[in-house]
Amino acid sequence: IKQLLDDGAIGAFRHASVEIQTNSSPLELGRPWRLDPAHGGGVLNEFGSHFIDRFRQWFGDLSSVSAELASFPPPTDADLATEDWLRLTCTFEDGGLATLVISWVADPPQGLRAVIVGAEGVLTAQQAARGVMLTDGEIALGRRGEEALTPVSPPDDQRDFDTANGELAVSRRLIDAFDRGIGTGVSPAPNFRDALHSQIAIDAIRESAASGRTVHLTR
C-alpha cells in the first residue's frame, strides 16, 4: 500500500477507513496482562498502536485525534474495565483524514477491511478473520471512472518469502529489515522515533476519549 501511494496510484490522499472486527481472547491465551490497564493492556495499545504507526507510514504525521473507547466485559468478569472497542478519527498534517474502528468482541470475527480514497482512485485491503496483523491481505486498486477494482500482486521483494505459513512470511520480512539495519547502521522503520510518535498519539487518544473533545497533537 505504501508503495502504491508513493507511486501516485490513486492521486492525492483524501480519506481512509479501517475496520477490524475480531474476538481476541487474552484470558484464553493465558495472557491476562493484556487486559490490565496498569500493564499496558487494552485494544488501543494492542492493535491501535500498530495502525497509528501504519497511518503515519501511509499518510504522514497526525495533526488531531477524536476518539471513543468502550468496554464490553464478559459475563464471567463483569468488573473488567480495559477497553475492548475503539473508534478513532484523525487528521493529518499533509491533509486528509482517516477513521479506525477496532473491536475485540466480534464473535464470529470478521477480520479487517480498509478503504483508501484518493483524488484519482481507490485502494482496498482485506484480511481473513484470523489473519489480522499476522498475514498478508488482499489488495485491490480501482482508478477513477473504472467499473471495478483489480487485484494487485505483491511486490517482488515479498514474493521471495513465499511460505505455507503466512505468519512466518511476515516475521521473516521484519527480521530481514532488522538485519539490513545492522549491516547499514541505519535503524529501519518502525524505529524509536516511530514508537515515540505512536505513544504521543495514544496519549492524545486517551485524552480525547476522556474529555469528549478533539485533541491537537504537538510535535
Side-chain angles (χ1 to χ4, degrees), residues 1-7 9-10 13-26 28-29 31 34 41-59 67 70 72 83-90 96-118 121-142 148-177 188-190 194 198 201-202 205:
I1 290 175
K2 169 67 171 172
Q3 181 177 322
L4 288 166
L5 292 172
D6 287 348
D7 290 344
I10 60 171
F13 169 64
R14 287 181 171 173
H15 62 83
S17 63
V18 175
E19 185 168 350
I20 305 165
Q21 301 287 347
T22 185
N23 66 341
S24 182
S25 50
E28 295 177 8
L29 293 171
R31 300 173 182 171
R34 290 167 67 183
V43 72
L44 174 56
N45 282 4
E46 175 75 9
F47 275 7
S49 58
H50 293 290
F51 281 90
I52 292 167
D53 185 64
R54 187 64 65 228
F55 281 176
R56 290 186 64 250
Q57 181 195 35
W58 290 345
F59 313 130
F72 299 91
E83 82 276 349
D84 48 25
W85 181 88
L86 159 71
R87 180 209 54 83
L88 166 68
T89 299
C90 50
L97 59 88
T99 60
L100 174 67
V101 175
I102 305 177
S103 171
W104 259 357
V105 294
D107 197 355
Q110 301 302 302
L112 174 149
R113 178 168 175 80
V115 179
I116 304 172
V117 177
V122 174
L123 273 171
T124 66
Q126 56 185 11
Q127 288 175 295
R130 296 292 182 183
V132 174
M133 302 291 296
L134 293 177
T135 58
D136 290 327
E138 299 175 357
I139 311 298
L141 167 66
L149 277 64
T150 302
V152 177
S153 298
D156 291 338
D157 63 347
Q158 294 191 18
R159 292 195 188 96
D160 294 339
F161 296 106
D162 186 23
T163 174
N165 187 325
E167 297 181 18
L168 286 179
V170 173
S171 298
R172 286 181 62 180
R173 283 197 292 275
L174 290 171
I175 294 169
D176 182 65
D194 297 311
S198 180
I202 286 173
I205 289 167

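Basis for what follows: all heavy atoms, side chains included, without hydrogens, waters or symmetry-related copies.
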Q: Determine the minimum heavy-atom distance between L112 and A125, stating which atoms define it.
A: CD2-O, 3.9 Å
Q) Is the backbone N or O of F72 less than 3.5 Å from a side-chain atom of D84, with the two atoms forming a donor-acceptor pair by type? A) yes
Q: State the CG-OG distance between N23 and S103, to the nearest 0.5 angstrom.
A: 9.0 Å
Q: Quick one: pull up CD1 in I1 and CZ in F59 and give me the separation to the nearest 0.5 Å.
A: 8.0 Å
Q | Shortest non-hydrogen contact from E83 toward G41 | A | OE2-O, 4.1 Å
Q: State the CZ-CH2 distance between F13 and W58, to the nearest 0.5 angstrom.
A: 9.5 Å
Q: Return yes if some donor-acceptor pair links the side-chain N/O of S49 with the main-chain N/O of N45 below 3.5 Å, else return no.
A: yes
Q. Heavy atoms, side chains only, cut-off 4.5 Å: are T150 and L141 in contact?
A. no
Q. Between atom CD of E138 and atom CZ of R113, what is the distance when rounded to the nearest 0.5 Å?
A. 10.5 Å
Q.
Tell me the closest heavy-atom pair linking G48 and L86, and the distance in Å.
A. CA-CD2, 4.4 Å
Q: For P188 and A177, work out which heavy atoms get closest and say how close.
A: CG-O, 3.5 Å
Q) Quick one: does V115's side chain get under 4.5 Å of E19's, heavy atoms only? A) no
Q: Please report the closest heavy-atom contact between I10 and V117, naming both atoms and the distance.
A: CD1-C, 4.0 Å
Q: For residues V122 and L149, report the shortest heavy-atom separation together with the two atoms involved.
A: O-CD2, 4.4 Å
Q) Can you tell if the side chain of L88 reaches within under 4.5 Å of the side chain of F51, non-hydrogen atoms only? A) no
Q | T99 vs H15, side chain to side chain contact (heavy atoms under 4.5 Å, CB included): CA-CA, chis, key distance, verdict | A | CA-CA 8 Å; T99 60; H15 62 83; over 6 Å; no
Q: State the CG-CD1 distance between L100 and I20, to the nearest 0.5 angstrom.
A: 5.5 Å
Q. Taking the side chain from E46 and the backbone from L44, do they hold a donor-acceptor pair closer than 3.5 Å?
A. no
Q) Does a side-chain heavy-atom distance below 4.5 Å link S198 with I202? A) yes
Q) Just how far is it from atom CD1 of I102 to atom CZ of R87, taken to the nearest 0.5 Å? A) 12.5 Å
Q. If we only count heavy atoms from C-beta on, is the I139 to L4 side-chain gap below 4.5 Å?
A. yes
